[in-house]
Amino acid sequence: MKTNYALSKKVAALSLVVSATIASQAFATTLEDVKKRDSLSCGVSEGVPGFSNPDSTGNWVGLDVDICRAVAAAVLGDSTKIKFVPLSSKQKIIAVTSGQVDMTSRTTTWTMKRDTKEGVDFTAVVYYDGQGFMARKEANIGKAQDMDGASVCVTTGTTTELNLTDYARANNINLESVVFEGKKEAFNAYSSGRCDIFTTDSSQLASLRTTLKDPQNHVILPEIISKEPLSPLVRHGDNQWKDLVTWVINGVINAEEKGVTAANVKDLQATSTDPVIQRMLGKTGDVGSYIGLDSDWLVKSISAVGNYGEIYERNLGKTLNLERGLNEQWNKGGILYSPPIR
């Protein structure tokens with residue numbers, strides 16, 4: 001009996017090793033693909049100012065874009081080695097699962113269904129948002145309860161559509177949903193007068209309102225009807241790549257907390273006596289090896305795009321006048337809280 005038990009333990013252990021080996025060899029890792037290609041393929045929106053949108057010269061800019069650039073800098077040492085792929089709401093997940101893009105950084109809400117049933121993994125929250133409503137001033141709709149009987153432009157098959165239905169039912173409000181395949185189509189329909197109301201995440205309402213001919217004649221209602229934690233996503237099953245993208249994001253968040261900026265990162269790497277900063281910037285320890293990168297991976301990211309606060313201010317503060325709110329650091333009244341690098 002003792003011999004059989006010992007043999008069973010050896011067989012079980014061998015089976016675990018074999019299974020782990022097979023799983024790790026099932027596909028080339030995304031990190032290997034990116035390095036071999038010498039370019040990161042990143043899915044972005046079709047155009048949401050402040051998050052991902054081409055500027056007047058065709059250069060992609062925005063918070064989501066900078067997250068992609070931070071990853072490219074950490075992996076390839078160059079934040080410009082990126083192919084940006086504009087994706088509609090329906091394409092943003094399948095583009096990752098099919099391998100069309102290495103990651104999607106596109107104002108995408110982290111939900112249970114997406115995280116467990118659709119072949120993707122979320123990384124870290126880059127913006128805490130919530131769904132809201134925009135209406136024309138002339139409609140005299142000052143709050144959500146005034147929307148009874150109104151028509152609402154909404155993107156079909158999204159959390160936005162489900163939230164709208166749930167809110168109307170819970171609050172006994174009669175609404176006519178006018179659905180569209182994409183957010184761009186839904187917003188264009190609202191701006192042309194086809195609907196009384198347009199609904200999406202509140203940050204995007206502020207963003208898209210700036211593109212209207214008469215933004216001052218449109219109001220964003222005070223109600224926030226949902227939780228919308230926005231996070232980049234990667235293919236399910238490639239744990240190394242998920243860890244890498246997650247910790248690049250955590251890295252720029254931690255950098256803001258510690259006062260490490262694009263301007264001082266090189267100096268702090270050389271002179272700081274703070275053990276946390278020394279470890280973050282690769283002067284001591286070997287945290288880069290945990291995610292398959294060089295010791296100065298975070299220095300490269302911060303040098304390219306700055307810390308989270310710099311990214312936020314450049315893309316959402318100056319351009320959209322969006323206050324940090326929930327997206328302020330945890331020790332300054334917000335809920336932005338990153339695990340430590342150690």
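This structure is a prediction, so every number in the text was calculated from the model and none was measured. Throughout, numbering of the chain's residues begins at 1 and tracks the sequence.
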Asker: Side-chain donor-acceptor pair under 3.5 Å between Ser52 and Ser45, yes or no?
Answerer: yes
Asker: Check the pair Phe198 / Phe133 against ring pair (Phe, Tyr, Trp, His ring centres under 6.0 Å), numbers first and verdict last.
Answerer: CA-CA 6 Å; Phe198 174 62; Phe133 303 96; 10.0 Å; no
Asker: Which pairs count as salt bridge (Lys or Arg N to Asp or Glu O under 4.0 Å) when at least one residue sits in residues 80-95, sequence neighbours excluded?
Answerer: Asp38-Lys81, Lys90-Glu181
Asker: Does either side chain, that of Lys183 or that of Gln204, offer a donor lying less than 3.5 Å from an acceptor on the other one?
Answerer: yes
Asker: Establish, from distance only, whether the side-chain atoms of Asn254 and Ser338 form a donor-acceptor pair under 3.5 Å.
Answerer: yes
Asker: Got a sec, which pairs hit salt bridge (Lys or Arg N to Asp or Glu O under 4.0 Å) with one end in residues 184-199, sequence neighbours left out?
Answerer: none
Asker: Answer yes or no for Arg136 and Tyr190: cation-pi contact, defined as NZ/CZ to six-membered ring centre under 6.0 Å and angle to ring axis within 45°.
Answerer: yes
Asker: Using the ring pair (Phe, Tyr, Trp, His ring centres under 6.0 Å) rule, pick out the option among Tyr127, Phe122, Tyr128 that qualifies with Trp110.
Answerer: Phe122
Asker: Closer than 4.0 angstrom, basic N to acidic O: yes or no for Lys143 and Asp146?
Answerer: yes
Asker: Between Asp201 and Gln131, do the side chains contain a donor N or O and an acceptor N or O under 3.5 Å apart?
Answerer: no
Asker: Please tell me whether Ser41 and Asp102 have a donor and an acceptor in their side chains that are separated by less than 3.5 angstrom.
Answerer: no
Asker: Can a salt bridge be assigned to the pair Asp296 and Lys300 using a cut-off of 4.0 Å between side-chain N and carboxylate O?
Answerer: yes
Asker: Looking at Phe51, does the NZ or CZ of Arg106 lie under 6.0 angstrom from its six-membered ring centre and within 45 degrees of the ring axis?
Answerer: no
Asker: Could you tell me if Ser88 and Gln91 have a donor-acceptor pair between their side chains, going purely by distance under 3.5 Å?
Answerer: yes
Asker: Sub-3.5 Å donor-acceptor pair from the side chain of Asn171 to the main-chain atoms of Ala168, do we have one?
Answerer: no
Asker: Of the options Val245, Thr116, Asp115, which is the one that meets Asp121 in a side-chain contact (heavy atoms from CB on, under 4.5 Å)?
Answerer: Asp115
Asker: Between Thr246 and Asp243, does any side-chain donor sit less than 3.5 Å from a side-chain acceptor?
Answerer: no
Asker: Looking only at side chains, do Asn163 and Glu228 share a donor and an acceptor under 3.5 Å apart?
Answerer: yes
Asker: Is it true that a side-chain atom of Gln278 and a backbone atom of Ser272 form a donor plus acceptor pair closer than 3.5 Å?
Answerer: yes
Asker: Not counting sequence neighbours, which residues clear side chain to side chain contact (heavy atoms under 4.5 Å, CB included) with Ala74? List them please.
Answerer: Val248, Leu293, Trp297, Ser301
